[in-house]
Structure formats: C-alpha cells, structure tokens
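Below is one structure; the comments refer to it alone.
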Amino acid sequence: MDKGVIVTNRGGISGRRWTEVPIEATIRVLGFSTIGFVLLIFLFLLREGLPIFYEVPTGNLFGTRWYPTFELFGTLPLLLGSILVTVTAILIALPLGVATAVFVRELAPDWVREILKPMIEVLAGIPSVVLGFFGMHFVAPLIRNIFGAPTGLTVFTGALILAYMALPTIISVAEDALDTVPKSYRDAGLAMGATQWQTIWKVVVPAARSGILMAVMLGMGRAIGETMAVMMVTGNAARLPLTFDSLFRPARTMTATIAAEMGEVAQGSTHYHALFGIGIILFVLTFLINLTAASAIFRKQRRGGLR
Amino acid sequence: MEKFRVESLNFFYGRVAALKDISLSVQERQITALIGPSGCGKSTFLRCLNRMNDTIRGTRVQGKIFLDGQDIYKSGINVVELRQRVGMVFQRPNPFPQSIWDNVAFGPRVLGLDKHFHLPEIIENSLRGAALWEEVKDRLKQDALSLSLGQQQRLCIARTIAVRPEIILMDEPCSALDPIATLQIEELMQSLKKDYTLVIVTHNMQQAARVSDWTGFFWMGELVEFDVTEKIFTRPAQQLTEDYITGRAG
Ligand SMILES: Nc1ncnc2c1ncn2[C@@H]1O[C@H](COP(=O)(O)OP(=O)(O)OP(=O)(O)O)[C@@H](O)[C@H]1O
Ligand SMILES: [Mg+2]
C-alpha cells in the first residue's frame with residue numbers, strides 16, 4: 001500500500017501538456033477524415049446507383065432475368081446467387097473453422113500450435129486470383145468428375161474456394177473467443193468429472209458462442225464481398241438458383257457481375273446505373289452483417305463480458 | 001473411518017518442491033481444515049486429492065494417496081471417475097455462464113445420471129442441500145451470473161453435490177464473500193458434514209476453529225502439525241504452530 005499519496009485523476013483535457021495539442025489535433029483530423037471518406041464513397045454510390053430505381057420499373061429491377069442488352073435488369077438471380085454461394089461457403093467453413101480453433105487452442109501440444117498459427121496466417125495472405133486459378137484447374141475438374149456437373153464451374157466450387165478464404169478469419173476470431181474463456185470454467189468442468197471433450201463442447205464453446213458468432217459474421221462479410229475467385233469458378237450464368245440441383249449448376253454473384261460488366265458500359269447509361277444499384281444492395285447487405293456482428297459484441301459487453 | 005490416507009507425499013512444479021513429505025489421514029464425515037501462510041502449499045495439496053494438478057504442465061507427484069484403500073496415483077486409475085467421487089469448490093465462485101438450472105444439471109447430464117433419475121428432483125435436492133433452493137426456486141432459468149457472489153458460491157456447491165460425490169474439497173470458499181455470506185457457507189458446511197467428507201483450505205483461523213474437526217498446519221511446503229482442531233488451537237505440540245495461530249508468525 002502506498003500510504004499518503006493522493007492521486008486526483010482529472011482525466012481528459014485538463015491534464016495534458018501543450019506539446020500534445022498539435023499531435024492530438026492531427027490524430028483527430030485523421031480520424032474524422034476516415035469517416036468522411038467512407039461517407040463520400042457512400043454518397044457517390046448513391047448518386048450513381050439511385051437513378052436506376054426510377055429509370056427502371058421495380059418489377060423489372062427485382063425480376064428474374066438479367067439481360068442488360070434487352071433492358072432486363074432483374075437483380076434477383078444475382079442476389080440469390082451471392083447469398084447461396086456465401087451461405088454454402090459458411091456452412092462448410094463454420095464446422096471446419098470451429099473444429100480447427102478448438103484443436104489449436106485446446107488440444108494441440110505447444111509445438112504443433114507454434115507451427116499451425118503462422119500457417120493459418122499465411123493462408124489468409126494467398127491472393128484470391130491464385131485461389132481462383134487453383135479452383136479452375138484443380139477443384140472444378142474434381143467437381144465435374146465426382147458430381148457430373150458439365151463444366152465443374154458451379155456454386156459448390158465457388159463455395160469451396162470461398163470457404164477456404166473465410167477459414168483463416170473464422171479460425172483466428174474463434175480462437176480468440178476461446179482464449180477469453182477463463183480457466184476457471186475449464187477447471188470447474190474437469191473437477192466435476194467431465195472429460196476434456198465434454199468440458200470443451202459443453203462449457204468452453206458455449207461460453208465463447210458470441211465470439212464464434214462474430215467469427216461467422218466476419219467470415220461471411222469477407223465471403224460476400226469476394227470477387228475475383230468467385231468470378232473465376234462459379235460459371236457466371238445469371239440463373240435463378242431455385243432448383244434442388246442449383247448447388248451443382250453455375251450461378252452469378254453480384255460482385256462478379258459488377259466486375260465483369262463495369263468495363264464495357266457507357267458512363268451514365270441505365271446499365272451503368274444498374275451496376276451501381278447492385279453496389280448499393282451489396283453495401284446494405286454487408287452493413288447488415290456487420291451490424292449483427294457488432295450487436296453480438298455489444299450484447300456480450302453489456303452482460304459484463306466473459307470473466 | 002479413514003477416507004484418505006496420504007503417505008510421504010512430495011510434489012514438484014518443475015524442479016521446485018511445493019510439498020515435502022506430507023503424511024496425514026482424512027476421516028470420513030468430518031471436516032478437515034488446512035491452514036498456513038500464503039504460498040505454503042495448501043491449494044497444491046488439495047489439488048493432489050482430486051488430481052487437478054494433472055492439468056498443470058510440468059508437475060510431478062511422489063508418494064501415495066489412498067482413497068478407501070486404493071492408490072489414486074496408480075496407473076490405470078480413471079481420473080474422471082475419481083473426480084466424480086471427489087468434488088471441488090473453488091476460491092472464486094465460478095458458475096458457468098448458463099442458467100441456474102443448467103449449472104446444477106451439468107454434472108448429472110455429463111455423467112448420464114439424468115437417464116436413471118428424475119432431473120428436476122436432483123436439482124431441487126442439490127439446491128436444498130446447498131441452502132439455495134428457497135432463494136432461487138422461482139427463477140431457475142435465470143442466468144447464474146445474475147446471482148450475488150455468495151449465492152453463486154452456494155450454486156457451485158449445489159452443482160458439486162448434484163453428482164453425489166463422497167468428498168468435497170473447498171479451496172478458500174469464503175475468501176471472496178462478505179461476512180454474512182461467509183456465515184451461510186459455514187452453516188452449510190456443518191449440514192453437509194452429515195453426508196460428505198469435507199476438506200477445506202482457509203486463511204481464516206477462526207473459521208478453522210469454528211467449523212473443523214481436524215486441522216493441519218502447513219508451513220513452506222511441510223505439514224508442521226496435524227491433529228484434532230481443539231488440540232491445535234489450545235495446546236499445539238509445536239512452537240511454530242502456536243506462533244502462527246496467535247499471530248506471531250506468518
Ligand atoms: N502453477 C504453478 N506453477 C508453479 N508454481 C506454482 C504453481 N502454483 C503454485 N505454485 C507455487 O507452489 C507453492 C505453493 O502454492 P499454493 O498455491 O499451493 O499455496 P497456498 O498455500 O494455496 O497459498 P495461498 O494461501 O496464497 O492460496 C507456492 O510457492 C507457489 O508459488
Ligand atoms: Mg491457495
């Protein structure tokens with residue numbers, strides 16, 4: 001105990017030195033300008049994209065056919081294409097990612113962990129065009145041979161590649177979540193006579209669930225915005241993926257559409273506005289996903305967090 | 001009846017010896033208290049009794065501990081089974097971040113007891129046994145973390161007795177609690193004594209004197225004295241023990 005020392009914490013502005021003033025001002029300007037840039041981009045997106053909503057009747061815009069040459073701007077196949085590819089990718093990546101995180105954090109001996117963690121980070125650094133290339137030449141032929149899909153460029157192929165891309169995010173965020181589960185929970189489980197396995201699945205993983213949900217959301221955000229690899233392996237047919245075999249048929253995502261067609265449209269044309277319109281839809285979608293992730297974190301904090 | 005018999009137990013964290021040549025025996029349906037200054041090895045000793053030290057890397061045990069005549073460190077012993085027989089309550093209340101109901105149901109579910117017994121009955125009995133039933137019976141689905149610390153600690157006791165262990169180890173179960181909650185736990189210990197063998201670690205000399213039947217005094221990894229509580233606190237055999245309980249050492 002340090003007796004007799006009285007510390008008055010006035011906090012905030014009154015306690016700082018004059019040299020800190022310009023530094024703080026600079027940081028503040030930088031911080032606010034980031035927000036400004038995001039706003040500007042959003043405004044630009046709105047300016048270029050909103051016209052489509054009155055240039056083309058709503059029935060057409062949310063119709064089932066996307067043939068810009070014939071003035072058909074049905075975004076439904078693209079929207080559903082994106083969602084199907086993303087959801088399938090997450091369904092593949094979630095169990096794999098959580099299992100890997102559990103292995104790395106809970107079961108692996110130290111030296112295995114030391115090798116695995118950097119490897120997972122390297123995985124995150126592979127450029128998506130390389131993965132797309134790999135998908136086209138190795139995964140697609142496999143899919144063709146196994147499932148008999150004509151070209152092998154299918155929703156499933158895209159989902160596999162996307163799952164692979166989302167994995168590092170899911171693993172590392174889920175691992176951090178497991179890491180915040182206090183040792184006292186594990187001790188309690190083991191001392192009750194639960195096996196290590198039971199302790200992990202009935203105590204540790206449930207205690208980390210909000211973090212794992214966040215991992216899924218972040219992985220999803222990464223997957224839905226991904227363009228290059230998806231464009232290379234999903235076949236890009238703007239087909240409404242509503243039949244049962246859709247998983248093994250080509251599809252086209254929103255991102256691939258924008259990337260493929262933006263180069264050939266006349267600026268200011270209806271087609272041009274339509275592509276930005278898709279951009280708006282994509283933006284709103286990612287925003288909603290991030291919002292869900294953020295509210296998961298918020299709920300966790302309000303509960304007093306994990307001790 | 002002798003429940004545990006410990007014979008020349010040595011314990012090492014890496015190369016550092018934390019327990020040196022400990023021998024004692026724990027009597028059935030009695031409360032055995034372990035006292036001594038901080039860092040003298042009380043917790044370490046307690047964790048030897050249910051082999052929780054196994055979860056710490058680089059530790060080593062020498063010597064023997066018999067539970068009902070069976071060496072618990074013999075190879076081939078099922079540690080999971082051992083921990084079902086020897087329950088543990090920790091220093092800081094550590095209920096799972098789940099409902100009160102799920103906390104108590106955890107052990108029975110994990111052991112499959114809920115298939116043979118009526119789960120609601122197990123839960124009510126356990127909560128009654130931990131003197132918590134009246135306070136929580138209307139909100140069993142509530143988050144356990146919403147309880148007060150004292151209630152959380154009694155919930156941890158309920159969770160432990162839900163699997164009907166024979167022995168309950170408690171490592172400073174009251175150190176995070178206020179005086180009233182402490183008193184409740186002490187009363188609870190007395191009622192648990194009818195059915196269970198208790199081994200408790202405490203920093204509080206009065207608590208040891210009040211609740212325990214036997215007391216062991218640890219000092220720097222050694223067991224200085226072990227005897228009936230009354231004798232330890234009135235006519236200790238060792239000078240060191242007397243100095244410690246009168247506050248002159250430690
Ligand atoms: N996980 C560990 N790794 C290494 N050394 C440890 C570990 N846990 C305890 N020790 C050491 O073993 C000795 C005994 O510790 P222990 O926790 O058993 O003491 P204690 O009597 O329970 O003390 P307290 O009253 O403070 O809880 C101490 O010197 C401590 O530093
Ligand atoms: Mg201790």
Side-chain angles (χ1 to χ4, degrees), chain A residues 1 98 102-115 174 176-215 295-307, chain B residues 43 46-47 49-58 78-99 102-113 143-146 149 152 155-165 167-171 176:
Chain A
M1 283 291 287
V98 172
V102 164
F103 176 72
V104 171
R105 176 61 187 78
E106 306 285 326
L107 301 171
D110 283 344
W111 65 271
V112 176
R113 190 192 338 250
E114 294 310 311
I115 298 173
D176 286 346
L178 293 175
D179 214 45
T180 61
V181 176
K183 185 173 182 298
S184 66
Y185 292 171
R186 295 181 175 81
D187 284 348
L190 293 175
M192 294 288 301
T195 61
Q196 190 184 14
W197 190 250
Q198 289 167 327
T199 306
I200 290 173
W201 293 109
K202 300 204 165 133
V203 178
V204 181
V205 171
R209 64 181 173 262
S210 59
I212 290 174
L213 179 69
M214 192 172 87
S295 73
I297 303 171
F298 177 68
R299 249 179 294 138
K300 182 170 105 183
Q301 281 169 348
R302 214 182 30 177
R303 266 183 96 234
L306 295 164
R307 284 174 309 156
Chain B
S43 300
L46 205 65
R47 287 198 308 265
L49 298 179
N50 65 345
R51 291 189 58 170
M52 276 302 279
N53 282 327
D54 292 15
T55 62
I56 305 171
R57 267 169 226 211
N78 184 340
V79 179
V80 166
E81 231 164 68
L82 170 74
R83 292 187 189 140
Q84 289 162 15
R85 295 177 63 189
V86 188
M88 187 166 212
V89 175
F90 296 81
Q91 182 166 357
R92 283 200 61 82
N94 57 353
F96 302 128
Q98 300 167 3
S99 69
D102 286 335
N103 264 279
V104 186
F106 177 82
R109 279 180 184 150
V110 157
L111 304 186
L113 295 183
D143 194 335
L145 299 182
S146 67
L149 275 182
Q152 288 187 19
L155 178 64
C156 291
I157 293 173
R159 180 176 68 182
T160 306
I161 59 182
V163 296
R164 305 250 135 232
I167 299 135
I168 304 175
L169 312 175
M170 299 188 180
D171 192 349

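Below, chains carry the letters A, B, ... as their sequence lines are ordered, and counting in each starts from 1. Owing to the predicted nature of the structure, the values given are computational and were not obtained by experimental measurement.
Interface residue R159(B): backbone and side-chain heavy atoms are both found under 4.5 Å from chain A. Of the two parts of V86(B), only the backbone, made up of N, CA, C and O, holds a non-hydrogen atom closer than 4.5 Å to a non-hydrogen atom of chain A.
For the residue pair A176(B) and P93(B), the shortest heavy atom distance occurs at CB-CD, 4.2 Å. Nearest heavy-atom pair, F90(B) versus A191(A), reported as atom, atom and distance to 0.1 Å: CZ-CB, 3.9 Å. In terms of heavy atoms, P95(B) sits closest to Y185(A) at O-CE2, 3.4 Å.
Qualifying side chain to side chain donor-acceptor pair (under 3.5 Å) partners for D102(B), counting only residues two or more places apart in sequence or in other chains: S99(B), R109(B).
Residues M88(B) and R83(B) fail the side-chain proximity criterion, which asks for heavy atoms closer than 4.5 Å. The shortest distance between side-chain heavy atoms of V204(A) and E106(A) falls below 4.5 Å. Taking the side chain as every heavy atom from C-beta outward, Q84(B) and L113(B) never approach each other to under 4.5 Å.
Your options are L82(B), N50(B), V80(B), V79(B), and the one with the most heavy-atom pairs under 4.5 Å with chain A is V80(B). When each of R85(B), R47(B), R57(B) is scored by its heavy-atom pairs under 4.5 Å with chain A, the top score falls to R57(B).
Environment of CZ in R164(B): sparse, with no more than 12 heavy atoms of neighbouring residues, nucleotides or ligands closer than 6.0 Å.
At a heavy-atom cut-off of under 4.5 Å, chain B is reached by A194(A), T195(A), Q198(A), K202(A), V203(A) from residues 194-203 of chain A, listed in order of number.
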